[in-house]
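If you read the sequence from its start, that first residue is 1, and numbering goes on from there. Worth saying up front: this structure is predicted, and the values here are computed from it rather than measured.
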Amino acid sequence: MDIQQLNKQFAIPSKLFFEKGNGELTKVCLCRNDDYLEVYLHGAHITRYRQAANDLLWLSNQAEFTESKAIRGGIPLCWPWFGRKESFPELPQHGFARCSRFEVESTAEDDDGALIIKLYLNENNGTLSIWPYSFRLTLTIKLSDKLIVDLETNNTGEIPFSYSEAIHSYFSVEKIEKVELSGFTQSEYLDQLSHSTERQHNTIKFVGETDRIYKSSQQEFKILESGNPKISISQFNANSTVVWNPWISKARAMADFPDHGYREMVCIEAANTGKGITLFPGETHNIRQVIARY
Ligand code: BG6
């Protein structure tokens, strides 16, 4: 469907509409009071979430908007695997969803004025050639006084499959040196840099490259800056939370990441890692992240 057809079928006047975005890719804009959200059909990728004048998400000013790449920043979806696919190093890191074009299933405004859009991806020849399963992946975005991102996987085929996943949110911060994350105390984590298992004793602070998978039973976190809570994040049906900041040399090594960008962002990702989730034919599972500003 082109932009005109999408608007004809799904627009909600002055509140939800489709436009040509960067790189000629189609984006959807959601406007609710003073809040604004932008999502690209490419990857069902949320690139902006603004409350009043405040950007809650970080988007790289060097992000590339092209069908073959994931957009750097915002909320990419890692699916049907998180990280590298074990035994298949040639397959794309974090799966294929973030580089696939999603379709629009529906849009709505509920009785409380929340805007809702559902985007979906089904298997196709490209996905079947690297992951031989039939599925329907549905991203539901609900914009009320907070943002609810819900990723549902449905096994539409005749054999079971297992997958891992992450809602890979990049949050915007003023200065990473002043950031603390609460909600992780006493959680065990896998340090992806040293490959050791550690325990978090206090709030998380950033003094260098950080790449950790928290096997957390806790599901609510806060981003604090200079001791003040700024953003609250909660997650549902997630066995892990990934915390990532590339710091100086990794930032420099990424073409789509500004050298000083590491000071302005932190990723906190709701994830199902490790063995992930197994779905039998007809079964569904959903993971959710909820983002709100203090
Ligand atoms: C994080 C991983 O989720 O994503 C990191 O834990 C990885 O190891 C980061 O470097 C970014 O990945 P990518 O593929 O978007 O550069």
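- Side-chain contact of Glu198 with Ser196: a donor-acceptor pair under 3.5 Å is present, judged by distance alone.
- Of all non-hydrogen atoms in Phe206 and Val266, the two that sit nearest each other are CZ-CG2, 3.5 Å.
- Using a distance-only test at 3.5 Å, with no hydrogens or angles considered, a donor-acceptor pair links the side chain of Asn272 to the main chain of Asn239.
- At a threshold of 4.5 Å between non-hydrogen side-chain atoms, the residues Val290 and Ile233 do not count as touching.
- For the atom pair CD1 of Ile3 and OG1 of Thr26, the computed distance is 4.0 Å after rounding to the nearest 0.5 Å.
- In this model, a donor atom of one side chain and an acceptor atom of the other lie less than 3.5 Å apart for Thr273 and Ser240.
- Listed for the Asn155 side chain is a donor-acceptor partner under 3.5 Å among the backbone atoms of Gly157.
- The number of heavy atoms from other shown groups lying within 6.0 Å of CZ (Arg252) does not exceed 12.
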Could you walk me through whether Glu264 and Ser172 pass the side-chain hydrogen bond (donor to acceptor under 3.5 Å, both in side chains) test, one step at a time? CA-CA 6 Å; Glu264 305 160 355; Ser172 175; over 6 Å; no
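- Across every non-hydrogen atom of Cys99 and Ser68, the tightest pair is SG-O, 3.8 Å.
- Under the 4.0 Å criterion applied to side-chain N and carboxylate O atoms, Lys230 and Glu225 are not assigned as salt-bridge partners.
- Formation of a donor-acceptor pair under 3.5 Å by the Asn7 side chain with backbone atoms of Phe18 is found in this model.
- A side-chain donor-acceptor contact under 3.5 Å links Gln62 to the backbone of Ala255.
- Listed for the His42 side chain is no donor-acceptor partner under 3.5 Å among the backbone atoms of Ile71.
- In this structure, the separation between CG on Asn245 and OH on Tyr262 is 8.5 Å, given to the nearest 0.5 Å.
- Note on Arg199 versus Glu188: salt bridge recorded, some NZ/NE/NH1/NH2 to OD/OE distance being below 4.0 Å.
- Within 6.0 Å of atom CD in Gln5, more than 12 heavy atoms from other residues, nucleotides or ligands are found, so the atom counts as buried in its surroundings.
- Contact check for Phe171 versus Leu57: side-chain heavy atoms found under the 4.5 Å cut-off.
- Proximity of Leu56 to Arg48: side-chain heavy atoms (C-beta onward) are nowhere separated by under 4.5 Å.
- Side-chain atoms of Ser169 and Gln289 include a donor-acceptor pair closer than 3.5 Å.
- Linking Ile, Leu, Val, Met, Phe, Trp and Tyr whenever their side-chain heavy atoms come within less than 4.5 Å puts Val243 and Ile75 in one cluster.
- Thr153 and Trp79 are linked by a side-chain donor-acceptor pair at a separation below 3.5 angstrom, with hydrogens and angles left out of the test.
- The 12-atom threshold is exceeded at CD of Glu90, counting heavy atoms of other residues, nucleotides or ligands nearer than 6.0 Å.
- Classification of Glu103 and Lys118 as a salt-bridged pair fails, no side-chain N sitting under 4.0 Å from a carboxylate O.
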List the steps and the verdict of side-chain contact (heavy atoms from CB on, under 4.5 Å) for Leu6 and Phe17.
-> CA-CA 8 Å; Leu6 284 166; Phe17 47 89; over 6 Å; no
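- Looking only at distances, no side-chain donor or acceptor of Glu64 sits under 3.5 Å from a matching main-chain atom of Thr66.
- Here the CD atom belonging to Gln51 is positioned 11.0 Å from the NZ atom belonging to Lys146, to the nearest 0.5 angstrom.
- Note on Tyr214 and Ile231: same hydrophobic cluster, where clusters join Ile, Leu, Val, Met, Phe, Trp and Tyr whose side-chain heavy atoms are under 4.5 Å apart, directly or indirectly.
- A ring-centre distance under 6.0 Å is not found for Tyr120 and Phe102.
- For the pair Asn122/Thr127, no side-chain contact is recorded, criterion being any heavy-atom separation below 4.5 Å from C-beta on.
- Ile287 and Ala238 get closest at one heavy-atom pair: CD1-CB, 3.9 Å.
- With hydrophobic clusters built from ILVMFWY side chains whose heavy atoms lie under 4.5 angstrom apart, Ile46 shares a cluster with Leu16.
- Taking each heavy atom of Arg32 and Leu143 in turn, the nearest pair found is CD-O, 3.2 Å.
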What's the verdict on salt bridge (Lys or Arg N to Asp or Glu O under 4.0 Å) for Lys69 and Asp256, showing C-alpha distance, side-chain angles and the deciding distance?
CA-CA 10 Å; Lys69 277 206 79 171; Asp256 59 356; 3.6 Å; yes
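- With salt bridges taken as basic N to acidic carboxylate O contacts below 4.0 Å, none links Asp211 and Lys250.
- When side chains are defined from C-beta on, His94 counts as touching His168, because their heavy atoms get closer than 4.5 Å.
- Under the 4.0 Å criterion applied to side-chain N and carboxylate O atoms, Arg101 and Glu67 are not assigned as salt-bridge partners.
- A salt bridge links Asp110 with Lys142: the closest approach of a Lys/Arg side-chain nitrogen to an acidic carboxylate oxygen falls below 4.0 angstrom.
- A cation-pi arrangement is absent between Arg72 and Phe257, since the terminal nitrogen or guanidinium carbon is not both under 6.0 Å from the aromatic centre and inside a 45° cone about the axis.
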Glu109/Leu115 under side-chain contact (heavy atoms from CB on, under 4.5 Å): CA gap, chis, key distance, verdict
CA-CA 5 Å; Glu109 181 178 12; Leu115 297 172; 4.0 Å; yes
- How far apart are the C-alpha atoms of Phe161 and Thr278, what are their side-chain angles, what is the distance that settles it, and do they pass the side-chain contact (heavy atoms from CB on, under 4.5 Å) test? CA-CA 6 Å; Phe161 62 68; Thr278 299; over 6 Å; no
_Applying side-chain contact (heavy atoms from CB on, under 4.5 Å) to Leu279 and Thr284, what does each step give before you reach the verdict?_
CA-CA 7 Å; Leu279 289 182; Thr284 60; 5.6 Å; no
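- In terms of hydrophobic clustering, with Ile, Leu, Val, Met, Phe, Trp and Tyr side chains grouped at heavy-atom distances under 4.5 Å, Ile213 and Leu77 are assigned to different clusters.
- Pro229 and Tyr294 make their closest contact through O-CB, 3.5 Å (heavy atoms, listed as atom of the first residue, atom of the second, distance).
- Ring pair Trp81/Phe96 is perpendicular by interplanar angle, where above 60° counts as perpendicular and below 30° as parallel.
- Between Thr138 and Glu105, the closest side-chain pair of non-hydrogen atoms falls below 4.5 Å.
- Atom CD of Glu283 is surrounded by more than 12 heavy atoms from other residues, nucleotides or ligands within 6.0 Å.
- Cys267 places none of its side-chain heavy atoms less than 4.5 Å from the side chain of Trp58.
- Side-chain contact check for Ile116 versus Ile141: every heavy-atom pair is 4.5 Å or farther apart.
- Within the model, atoms CG of Asn125 and CG of Leu128 stand 6.5 Å from one another, a figure rounded to the nearest 0.5 Å.
- Nearest heavy atom pair, residue Trp131 against residue Ser162, reads CZ2-O, 3.7 Å.
- Residues Tyr163 and Tyr133 place their aromatic rings such that the two centres sit no closer than 6.0 Å.
- Atom CZ of Arg50 is separated from atom CG of Asp55 by 4.5 Å, given to the nearest 0.5 angstrom.
- A donor-acceptor contact shorter than 3.5 Å links the side chain of Glu123 to the backbone of Phe135.
- Taking CG from Leu139 and CG from Leu137, the interatomic distance works out to 7.5 Å, rounded to the nearest 0.5 Å.
- Taking the charged nitrogens against the carboxylate oxygens, Glu174 and Lys178 have no contact shorter than 4.0 Å, which rules out a salt bridge.
- Checked by atom type, the side-chain pair Tyr36/Glu38 shows a donor-acceptor distance below 3.5 Å.
- In the hydrophobic clustering of ILVMFWY residues, with side-chain heavy atoms under 4.5 Å counting as a link, Val28 and Leu59 come out apart.
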